[in-house]
2 protein chains.
Amino acid sequence: MESSKETGSAAAASASLGEAREQRRRIILAAARLFCRLGYNRTTVRALAAEVGMQSGNLFYHFKNKDDVLEAVMREGVLLATEAADRALAAAGSTQERLRGLFRAHIQTLLGPDHEALQVMLYEWRRLPQEQHQRLVALRDAYEERWQVVLDAAAKEGLCPPDTRLFRRYLLGALNWSSEWFRASGEIEPSDLADRFLRFALEGRTWTSP
Amino acid sequence: MESSKETGSAAAASASLGEAREQRRRIILAAARLFCRLGYNRTTVRALAAEVGMQSGNLFYHFKNKDDVLEAVMREGVLLATEAADRALAAAGSTQERLRGLFRAHIQTLLGPDHEALQVMLYEWRRLPQEQHQRLVALRDAYEERWQVVLDAAAKEGLCPPDTRLFRRYLLGALNWSSEWFRASGEIEPSDLADRFLRFALEGRTWTSP
DNA sequence: GTCTATATCTGGATAGAC
DNA sequence: GTCTATCCAGATATAGAC
């Protein structure tokens with residue numbers, strides 16, 4: 001039940017202040033790994049509990065139910081992506097640089113270290129119950145809005161086609177799908193992949209304005 | 001109860017030759033619909049049986065188990081895509097036309113009428129047990145080979161970038177992802193979508209040869 | 001080939017002690 | 001906050017009659 005934290009005083013346990021929070025976080029990270037490798041349905045709560053070194057029943061002290069864990073993993077995924085995008089944008093100047101930053105940040109979050117949460121976000125999306133779906137959709141839209149803004153600027157400069165909403169979906173589709181075939185430690189690095197995809201999208205062309 | 005029709009001959013049933021085959025096919029089609037709408041795990045064999053008007057136990061006369069049904073649906077999906085591609089290629093002349101044909105065929109199979117099987121193929125892919133995975137991978141590769149051939153020709157003509165294997169994945173990713181956001185009866189038709197995506201991919205550019 | 005009935009198992013979730 | 005023990009629903013798959 002989420003709290004009653006820092007019972008500080010007497011009896012049982014309830015150690016240092018953020019103890020429950022830390023455990024909750026460890027569960028999320030372990031779940032990201034397992035959901036990514038096995039999928040949500042094939043990951044049992046017993047397996048998840050074992051991964052963080054506890055008994056299965058104990059998970060339900062930290063989360064209401066299994067779907068709740070999935071939602072937390074997905075939230076982690078989309079937040080990681082958003083933060084990476086914002087860092088990239090802060091470091092970029094021209095529109096072209098900003099676009100390159102978004103490509104690299106997205107691919108890095110999806111395929112680099114700690115890629116699990118975003119991958120879960122993407123390929124368990126359809127399986128999420130309605131209620132939690134709605135809580136996450138705002139976060140996802142906020143992330144995609146970063147893309148929208150940059151693409152609108154790019155279209156004004158003739159760097160990309162004028163129908164930027166569709167183009168955004170086209171690009172994010174190409175990027176997201178890479179998680180289906182990309183194998184880390186393969187012949188190509190995530191950052192290389194981002195640059196080559198950017199070239200596919202933009203290089204050597206001029207778009208007429210709307 | 002839907003059948004036991006033409007019990008013709010003697011005892012129990014065992015009607016005309018293709019009777020079982022037809023039922024099997026009806027199960028596959030119903031499964032495609034349900035798996036697409038609810039996902040594989042949330043579709044029970046009871047629901048599937050009800051959908052074709054039989055009792056759940058009876059499914060296992062036609063299929064070894066539930067995974068077996070999934071494999072059949074996926075095979076249907078990739079075969080539909082391959083046939084559509086071949087029809088499009090047969091009707092096309094120039095490389096550019098062939099490419100357009102592939103775009104349209106793919107989008108049509110994925111988003112048009114009877115889109116369910118290919119969608120199941122794509123988004124349940126990770127969940128398929130190893131054994132059946134391997135039986136399907138050859139079919140999928142055969143489909144993608146259609147793309148590879150045309151893209152290689154396109155690269156020779158300077159229509160697309162020289163690293164065609166990566167470009168193929170980029171394009172198919174963009175196309176496949178459309179199933180995540182496209183809503184039939186929305187503002188745009190599948191064939192329009194294909195054309196606009198083709199424009200994103202090729203229009204107004206010249207690629208230098210390798 | 002389909003039915004009814006049911007075996008069998010798995011997995012999410014809860015209760016209550018500590 | 002974690003443990004042990006267990007409930008219970010729901011699902012796949014089987015058995016055997018018709």
remark   = Rounded to whole Å, the CG-C1' distance (A:N58 to C:dA13) equals 13 Å
key: DNA chain D: 5'-proximal contact among A:G57 and B:K66 (nearest heavy atom)   = A:G57
ask   = Can you check the B:I27 CD1 to D:dT12 C1' distance for me, whole Å?
value = 15 Å
inquiry  = Tell me the interatomic distance from B:F60, atom CZ, to C:dA5, atom P, rounded to whole angstroms.
reply    = 18 Å
ask   = Applying the side-chain contact (heavy atoms from CB on, under 4.5 Å) test to A:L99, which of A:L159, A:L202, A:L89 qualifies?
value = A:L202
ask   = Distance check: side-chain N/O of A:Q55 vs OP1/OP2 of D:dT4, anything under 4.0 Å?
value = yes
message = Of the options C:dT2, C:dG1, D:dT12, whose atoms approach the side-chain atoms of B:M54 most closely?
response = C:dT2
ask   = Do A:Y40 and A:D67 get their side chains close enough for a donor-acceptor pair, meaning under 3.5 Å?
value = yes
query = So does A:Y61 get a side-chain nitrogen or oxygen closer than 4.0 Å to the phosphate oxygens (OP1/OP2) of D:dG1?
reply = yes
request  = Would you kindly give the CG-to-P distance between A:N65 and D:dA9, to the nearest whole Å?
outcome  = 17 Å
request  = Report the C-alpha distance between A:R127 and B:E124 in whole Å, list the side-chain angles of each, state the deciding distance to 0.1 Å, and finish with yes or no for salt bridge (Lys or Arg N to Asp or Glu O under 4.0 Å).
outcome  = CA-CA 11 Å; A:R127 283 158 187 78; B:E124 300 286 356; 2.9 Å; yes
Nearest-nucleotide comparison on DNA chain C, the residue closer to the 5′ end among B:H62 and A:R46 = B:H62
message = Expressed as a whole number of angstroms, how long is the span from A:L38:CG to C:dT10:P?
response = 16 Å
ask   = For the pair made of CG in B:D68 and P in D:dT12, what is the distance, rounded to whole Å?
value = 14 Å
key: From D:dA11, D:dG1, D:dA13, nucleotide with atom closest to B:S56 side chain   = D:dA13
query = How many Å lie between CZ on A:R42 and P on D:dA11, as a whole number?
reply = 18 Å
request  = Report the distance from atom NZ of A:K64 to atom C1' of C:dT14, rounded to the nearest whole Å.
outcome  = 15 Å
message = For the residue pair A:Q108 / A:S191, report whether a side-chain donor-acceptor contact shorter than 3.5 Å exists.
response = no
query = Between atom OG of B:S179 and atom CG of B:L110, what is the distance when rounded to the nearest 0.5 Å?
reply = 4.5 Å
